[in-house]
Structure formats: structure tokens, C-alpha cells
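Report on one structure; see the data block that follows.
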Amino acid sequence: MPEGIVQTQVKDAIHHALSMAKEQGQLTASSLPSPTLELPKREEWGDFACNVAMAMAKVEHRSPVEIASLLAEHLKEARTVIEHVEVANPGFLNLTLVPSVWFAVLYDIEEKGKDYGRSEMGHGQRVLLEYVSANPTGPLHLGHGRGAALGDALSRMLQAVGYEVEREYYINDAGRQIKLLAASVFARYQELQGRCVTFPEDGYHGHYIQTVAKHIADQFGASLLDISASEAEERCGRLAYEELLTSIREDLRSFRVEFDSWFSEAELYASGKVQQALATLRERELAFEQEGALWFRSSQFQDDKDRVVCKQDGDYTYLASDIAYHQDKLKRGFDRLLNVWGADHHGYVSRMQGAVQAFGYPKDRLQMVLVQMVSLLRDGKKVEMSKRSGEFVTLQEVVKEVGVDAARFFFLMRRADSHLEFDVELAKRQSTENPVYYVQYAHARLSSLFRTAQARGVVMCTGRDVTLTALTQPEELRLIKHLSQFPDLVESCARFLEPHRLPFYLQELAGNLHVFYYKHRVLPLDKEDEVAGQPSIVGAKAYSAKSREVFSFEVMQARLFLLQQVQTVLRNGLELLGIRAPEQM
RNA sequence: GCGCCCGUAGCUCAGUUGGAUAGAGCAGCGGUCUUCUAAACCGCAGGUCGCAGGUUCGAUUCCUGCCGGGCGCGCCA
């Protein structure tokens, strides 16, 4: 795991202390543990905490505090890095670094810019990320939106840490759902032509079906009544499918969610891949016939029971095409398959992983991210949605109301597997209570500051020309430390497939910035000092009434430099969420 | 009945894979603009981490059993 430049130095120092202790016979263990660092909960406890002494206590037969104390002694040699060591109960080593060690973080960000936060963790492994994959039988609703935002953010994060990601949408354009769509639309079409028809029992009742039927009527008039009913129904299905899929694509695009490929289920049948997949299973005796149906022996793996793949009437079940689809993914040579699924499908995880194993791959070649339901909160009340009536809140209408940025942020700020309450009023509010604006404002505020600086003729220095030792305020160091965590954070988002950590991080970073900004000045107070950028100001003193602090040209330059790096991280973070980083608000 | 997920402040949720005195945002109360954006900041209050055991130096975190909520258990997708 590539770590921050700061962490590495600290770990090296601890490791050195361990070896010294061993060399001098203070430690008896044959192998030395590799120390891990954690961030203490309280600032008084220093910059890092290390529990290595506690971990060794047992094998060394000594108390953790004792071991920690002798390590603390050795750590005094690392005075260039570690300013202060404290042993705390029950055996922590609390380390406070020399402030200047932290400055390396700022140079690192300056150098990497857009690439700060990227890494090689994935080693170029190829990942197929499948998400949304909503049936083209209706518009996308809020739940799809959450899956879309999540899949998109994951793809950005995985790419950032060195995976090669292909984003795919699986189109269920075969089978029963499409037939029902066709029947539903045809029924509405006939109604529009003044005919009295019985609506299909499990048909789609949503109002959009009537809209689609109207479009068909506008285009073809009554002419579809002249052909056979089955042919007309099929035409209706085809037209409805195309219209609905097109609008899904458009909704996604305007939600800034893109795909590299759209994979058709019908194509799997047409190309014979379904039959081939089942043939493979038969060869391996993982499929068998019973009671006139063909079964997949999924109980061989971790499923509770075997599952039908081909029914008595000869039709395939959806499982058959899903198996074929995943075999196809495997054949395409991906190192990892990731599916973002609605949590209501969790029962299918084990059988799909069983299919992966059936084809000779380890089950964790396929991983699922399950995303829970979204409920909409309006005026503090839940908006009821019912699948039955086909009336649900669409992604499009919510995005129209709150904007893409707010919608994405809200979808991403909770763990995927917990229910999400989407508070429309909060998402629309343009104030500090709204986390999206809070973070975006931090970015815009900095842009505004830099514009003012430029207008006053202040020359922005590069890291080389800045005296960073001028940064001595706790709010400044707090910002730098927070920035140093960003690369690790991005990696953990990707490793655990948990994008929600990033919105939290950004809220904290924005908070740290706003506190700093409120407490300290960056540019001189007085407009008379507009010559600030010129050498003549060196030594001149500006005065901040708020903090009663005196600051110099060096302080101004150092703060500007610090804030540029803050802005870079805000921007990089927002980019990973697919959210705009506005220059002004 | 079986399986999966969830249970943390009044509400919505975090909690760095087992660490120290459990955090944030809303909502509530009270403060802060002669300031580079107040779209901001500060303070107060708020808790039996669902309950009970277990594992160990140490548990919100891991294990077991209950209680409560959601979802799934089709030759439906």
C-alpha cells in the first residue's frame, strides 16, 4: 500500500527504534512486527498513535507501557522527524511530528496536482463494473439514480487507484418483461383508437405507458389496427422499448453517468451463448434434467437449493441468461467483476457466484455492491411510492428540482447498504445546512480569494519560493494533516467499495477551511496595502482585528500556497464524486 | 420457518476492520459581519452504542442467543 510520505518516515523511525532495542537486547522476539499507525481521536494525543508495544506485550512477557517506554527512548534519535513522544495508557506511543515534516505534503500536492490522490494500487487490473441495468420498461426512478451515482463514483475511484475499468449496462431486452411492455402499450394504443380492451393483468400501469402509446398513435395513426394483433403488439413493444431506452440513456447522460458498453440480453440468445453456457454446465454435470425442466446445481456451491434454468415449457428463465452473461464477462478476461445491485436482489448473490465457480473461477471474482432503497422526504414527510400503480418518483424530476450536484452528493453520502432518506428541501437549500453547498462553497470561496489576490497584484508563489515555516497556526497544521490523508482515503473507498467515505472527508476538509478562513486573514486587511505583491511590503505589517495576529509577506504567501493545495484536494475529491467544483457561487 | 442486511443523541447518519473520555449534520437554545463571499464561524444541551452472555490487556466493532425493523426465500425479472 503506497502511503503518504509522512507516514513512511514515521514508520521507518519506529522500525529503527525496534531494531535498536533488539540489538541492545531489550527485546527478545525473533521477528519484529511492522508497526501500524493510527490517527488519535484527540489532538492532544499527537499526530499519530502506534500500538506496537501493546501488540508485542504477550510475546515479550512485559507490560505494554514498559515496552513503549523503551521504544520512546530510542525514538529520541529521530529528532528530525519526531518532535515529541509520549507513552500513554494502556501502552500507546503518541507521536508529535516536527511541523516542517508536514510541509512535504504541500509540495507533494503541488507537484501532483490533479494526480494527487491517484495511485497504482490496482496495478492495471481490469474490472468490469456493471450498474443500473434497469429494465427498459419504464423511466429511471430514485433507486436507479442511487445505483447510477454509486456505480459512477466507484468507477472514478477505481480508475484513480490504478484499475482499468469498463462500465457496462445490461439491457434486459428479452423475455417476459418486454412482452408485458408490448402488451401494455398496445392496449393503451387501442384505447386511444377508441377500442375497449382489457388491460393485461401484470401490465405496466404507469402513466408513461400512455405517453408512449400516444407517440405511436401520433406517428402511425390507426394503421396498426390493420395488421395482425400479434404483429401490432410486437411493433408497439419495439417502439416503446426504443423510446424508453433512449430516455434512460438521456437521463443518465444528463446525470453525468456514462457507460462504455451496453450489453443486450437478446443478443446472448441470438448468438447462442445461452445454450453454450448451459452446455458447459451439463458437461461438468452442474446442470441436470428433472421433471421436464433443466436445473443448475447451484446447491453445489453456496445456494440453498438448485435453480431452474429452462422451464418445462421450454422457455429459459432469467437465470439462464444471467449465467451466460457472466460467463461472457469471464471470457472477456476481466480480473474482477463488480455488480451494483438493488438490495432486494441479495438472494441472488450466492447463485451468481455459484455460476462463476461453475465456470472454474473463485467466487470472489464476482463481487456485488448492494444498494438499499431511497425514500423521498418532502415537507418532512415521506412521499409514498408504489410499484403496483407504477407511480414512483423519477430520477429526472428530482434532478430537475435539486440539480445534479446535490442529487449525486445525497446519493453518495450514505453507506450503500443503509436506507437513504432523500430530503428534497435540504438538498435545495443554499446554505451551510446543505452539505453539498458547504463543500462547493469552500472551493468557490478559495477561487474568489485568488481572484481578489490577483486583482491586487499579488504574485502567487510556487512551493520553492514560499517560506512554509511561516505556517505555525493550529488551523494551518490541521488543514495540512487533513490533506495528507486524502490518498489513503481514496484507496480505502476503492478497496472497500465504499464511496460514502469521500463526502464525509470533504465535509471535514471544507469545515477545516471555513474555520481557518474565519479566524485568519490571508490578504492584508487594508486596501491601502494593495502593493502587497511587491517586494517593498516585505516587513510591512498588516493586522487582523479578529485574531489579533500580525502577519507578514511570508505569511501571506505561505497561506496562499497552502490554500491552493486545499483547493486542489477539494477539486480532486469532487471530481471523484462527479460533482462540480464551482469558481463562484 | 430458513437466509441476508440494519439497530449508535429527538431526527438523518459516521465511526479509520479490536484501542484511549463514542463523533458529525440537522432540529432546539444562545452568541458573532467596519473583515479576502455571513452560502461562514463559535458556544450550550443532547447517549445504558437494541438486550444478555462470550472471546482478551481492551468490544460500538469479532462470536453465540434473544428482541425489534427491512428484504429475500417462484419453472417471475
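Order of the sequence lines fixes the chain letters, A, B, ..., with proteins taken first and strands second; residue numbering starts at 1 for each chain.
Here U35(B) is the nucleotide among A27(B), C71(B), U35(B) with the atom lying nearest to any side-chain atom of Arg521(A). Minimum atom distance to the side chain of Arg176(A) is reached by C76(B), of the listed C76(B), A38(B), C41(B).
Taking the ring pair (Phe, Tyr, Trp, His ring centres under 6.0 Å) definition, one finds that His346(A) meets it with nothing, sequence neighbours left out. By the ring pair (Phe, Tyr, Trp, His ring centres under 6.0 Å) test, Phe296(A) pairs with no residue at all, sequence neighbours left out. Listed by chain and number, the residues in a ring pair (Phe, Tyr, Trp, His ring centres under 6.0 Å) with Phe263(A) are Tyr325(A) (sequence neighbours excluded).
Listed pair Lys311(A) / G74(B) fails the phosphate criterion, with no side-chain N or O lying under 4.0 Å from OP1 or OP2. Contact annotation: Arg445(A) side-chain N/O to A38(B) OP1/OP2 distance is under 4.0 Å. Put simply, Lys305(A) has no side-chain N or O that comes within less than 4.0 Å of OP1 or OP2 on C2(B).
One C1' atom belongs to A59(B), the other to U17(B), and the distance between them is 13 Å to the nearest Å. Nucleotides U12(B) and U8(B) are separated by 8 Å at their P atoms, to the nearest Å.
You'll find a donor-acceptor pair under 3.5 Å spanning the side chain of His346(A) and the base of G3(B), going by distance alone.
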Could you list the protein-to-nucleotides 46-50 of chain B atom pairs, N/O on both sides, closer than 3.5 Å?
none

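In secondary-structure terms, RNA chain B builds stems of at least 3 consecutive Watson-Crick or G-U pairs, each pair having both distances under 3.5 Å, at B:1-5 with B:69-73, B:10-13 with B:23-26, B:28-32 with B:40-44, B:50-54 with B:62-66.
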Once each nucleotide of nucleotides 13-24 of chain B is scored for protein heavy atoms under 4.0 Å, what B/S/- sequence comes out, 5' to 3'?
-> SSSBB-BBB---
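Anti is the glycosidic conformation of U48(B), whose angle departs from 0 by more than 90°.
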